[in-house]
Protein chains: 4
Amino acid sequence: MRQERQEKPAARTSATPRRQARGERRIAQLLEAAAGVFCKNGYAAASTNSIAKEAGVSPGTLYQFFPNKEAIAVELGGQLLQRANEMHGQAFLPENLCKPLPELLDAVLDPVIAFNCENPAFWALMHGSGVPGITQGHEALHDGLLTRVQGVLRTFCPDATNAELNLTSNMILGIFKSSLDLILATEGAERAAYVAELKSVLLRYLEPMVTTTPTAP
Amino acid sequence: MRQERQEKPAARTSATPRRQARGERRIAQLLEAAAGVFCKNGYAAASTNSIAKEAGVSPGTLYQFFPNKEAIAVELGGQLLQRANEMHGQAFLPENLCKPLPELLDAVLDPVIAFNCENPAFWALMHGSGVPGITQGHEALHDGLLTRVQGVLRTFCPDATNAELNLTSNMILGIFKSSLDLILATEGAERAAYVAELKSVLLRYLEPMVTTTPTAP
Amino acid sequence: MRQERQEKPAARTSATPRRQARGERRIAQLLEAAAGVFCKNGYAAASTNSIAKEAGVSPGTLYQFFPNKEAIAVELGGQLLQRANEMHGQAFLPENLCKPLPELLDAVLDPVIAFNCENPAFWALMHGSGVPGITQGHEALHDGLLTRVQGVLRTFCPDATNAELNLTSNMILGIFKSSLDLILATEGAERAAYVAELKSVLLRYLEPMVTTTPTAP
Amino acid sequence: MRQERQEKPAARTSATPRRQARGERRIAQLLEAAAGVFCKNGYAAASTNSIAKEAGVSPGTLYQFFPNKEAIAVELGGQLLQRANEMHGQAFLPENLCKPLPELLDAVLDPVIAFNCENPAFWALMHGSGVPGITQGHEALHDGLLTRVQGVLRTFCPDATNAELNLTSNMILGIFKSSLDLILATEGAERAAYVAELKSVLLRYLEPMVTTTPTAP
DNA sequence: GATGAATGAGGATTCATTCAT
DNA sequence: TATGAATGAATCCTCATTCAT
């Protein structure tokens, strides 16, 4: 019902009264706690009280900043999503896109994988929250990625139909996701091996489709 | 209304009290209802009362046949698991395994995909029930599949190390799972396209590894 | 509340069709099972299903003979009560009542104690069922005993007021009950010691009240 | 589960947040309500919702302070037990123990009887809760009383064996308990009469055993 | 009569959310 | 604002009792 609190952090300027600085800290605190709890038990099993306790505040305080449990997940997902999108923006930089496929895969996958390794809550949330607000964010993320991937593919396969590109992009994302599961579940050399294997799968999958060598614009 | 003659002919002898036939039907009914509800909402969000209602019985009836919510999931998962394993047994028949890779992929993937399309609850349950009894079954299934896949791979790549085989098998399963998501989320021609694409991905991934053409024993 | 089925077993004659003989056996079976279950867990914790199972019949069968759970306890209590009253009738025989106090105590207490040792369910039921129907039976038993005890006391203390007799009788019964707890909780020599101690307590309590030596009529 | 509330009332200083004062009151309120309900219906038949309603709060509130139904009984029993033990400590004061038997009985029994009359829930709980936590406390209480009684007896009967003392003590406690039932079931003059009768029974039971007149140390 | 499935109200417990201080 | 108590609907599960066969 209540939706009053929705100011983006970006909107805050240095002129903001320091009264609200504490509030910002509280929100960050709560989101961090939520990330931990969601990660451990998943969204459904996480109770607002446990999040509050993890954050070291009372449940009442939590509800001073978030209208309900879903809003926490949405905000957390949103922030991570934003950072993810920034990542993607850099990963899909034009200067990367004109590289040959192997280098391109490195340039795109490495930062994305790194981001997910550093923010495991992201994956946990996106996966199976069942919360509309998040699913929506997830879909936005997915669509964004899809578009980017399709864009890249287009430069490699100028003759492909849109349907083909869509199909292939979805497969690529699927392969990426399932590999990410393996990557996040392992460590060290094994993790590196899965990363290499992911690139190998994608390379072999995509190479036969490539009809053009992209060149710098 | 009533369907007295519907029990399995083989298992039921004249000594078996026909009273219990109703119980058998109820159990099947409840499991089917549970499959639907689990599929829609996932295990955690599914309430026993909603399962009972879906099955058209009272909550007490449900508890006459299952001691608790988890037991329903375990039983359902177990039955599906068993049928899945039988599928796999047929899919990985030796006569299939000596075929060339493309035919092999058809022979193995088609029945498994068909099974999952017919039993979407299977995937939903295996995925994220959080129920130990199922997770365990899931792991058994996974390990079983892994072993089978490794066995096949071994015949194609006799020189690979065990670690390599393990890595590759896990990737194959991961790719299969993520494609299954796409397959289950679509229908008709699109679904068929994803099936074809899955085979394509696997074929291109595996072909370079093949060092031997397996022959019938 | 419901009391439809209330025919006393005593009312059955040899002319009764043997069809009902099975019913009688069933009832006895069920009552015996109930005695065991009530004894183990107490009335409240005993479920009708557990009684039925203990008796080796289905719950439906149980309800063919007893309208509800309470009726089982009432019937069981009633039967034991009847046998108890027969005991008491013999224990309080006139030929016993004219004995001197020590012999009288032996004559009265020994059979009563023996009965309770052989029928522990009796005590368990009478004690704390909380069921009106039983409490009622218990009170009838209590009142009957009270009357008998008062009758005996009267012969020993012809000058006592009714209030005094009532008071004393209640104390005697109370002492008896608490001692019975100790007696039932022990065995062998210890049990015998408690029996002796009970008699000792009563003897010392009553002796100072005795004003007349009763003589045979 | 719950660990928060454990400070003794004495421990509350001005530094203690007064927020929690309300909690303390609620707990007392709930325990009082529980005492009433347990008294009326016994432990098993008492529902947590009825306790909450009796206390004028919602079921959730009850569970904010007690993890489950049993904990309520254990806490209530524990508090009463503690107060009972304090009573006993005063009742069995050395200065009482060197009095002649009649005065001793007055000194010991009167406060204990008074306590039970003021806290009828105590007896109800101790009796037949079936709760391990309470049964345990009950046994501790019983054993403590037994020891105290034996201690007193020892001063009166220096020559008795331990077995004899144990037997006698158990009888005394049994007589006391059964009389307490009568005392709690009556009022006014009748109650007083039962109290007097109890003392009379014990006096007559014990007098013949006394071999020594205890003197102040 | 016997059976065992069916019923459904009721009880313990949880947790997202609100309120008084 | 922060706190923690308060709320109550919803959930899992039980069991006395009834019903269809």
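Labels below follow one simple rule: chain letters A, B, ... track the order of the sequence lines, proteins then strands, and each chain is numbered from 1.
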By nearest-heavy-atom nucleotide on DNA chain F, the more 5' of Thr48(B) and Gly60(B) is Thr48(B)

Between dA12(E) atom C1' and Ile51(D) atom CD1, what is the distance in whole Å? 11 Å

Upstream residue (5' side of DNA chain F) when Ser58(D) and Ala45(B) are each assigned their closest nucleotide: Ser58(D)

Relative to the 5' end of DNA chain E, which residue comes earlier, Gly56(B) or Arg26(C), by the nucleotide with the nearest heavy atom? Arg26(C)

Go through the structure and list residues passing side-chain contact (heavy atoms from CB on, under 4.5 Å) with Ala34(D), not counting sequence neighbours. Phe38(D), Ile51(D), Ile72(D), Leu76(D)

By nearest atom, which of the nucleotides dG8(E), dT13(E), dT17(E) is closest to the Pro59(D) side chain? dT13(E)

In whole angstroms, the gap separating P of dA6(F) from CZ of Arg25(D) amounts to 9 Å

Could you tell me the separation between the CD1 atom of Ile72(C) and the P atom of dC15(F), rounded to a whole number of Å? 15 Å

Would you write out the dot-bracket form of DNA chain E, 5' to 3', with Watson-Crick and G-U pairs under 3.5 Å, [ ] for crossing pairs, | for pairs to other strands and . for unpaired bases? .||||||||||||||||||||

What is the distance, to the nearest angstrom, from the OH atom on Tyr43(B) to the P atom on dT11(F)? 14 Å

For DNA chain F, find the residues of residues 61-71 of chain B with a heavy-atom distance under 4.0 Å and give them by number; none if there aren't any. Tyr63(B), Asn68(B), Lys69(B)

Distance, nearest 0.5 Å, that separates CG of Leu81(B) from NE2 of His138(B): 9.0 Å

At 4.0 Å (heavy atoms only), tell me whether Ala46(A) reaches a base, stays on the sugar-phosphate, or touches nothing. sugar-phosphate

Counting the atoms with a prime plus P, OP1 and OP2 as sugar-phosphate, which does Ser47(C) contact under 4.0 Å by heavy atoms, base, sugar-phosphate, or nothing? sugar-phosphate

Distance in angstrom units between Asn49(D) CG and dA9(F) P, rounded: 12 Å

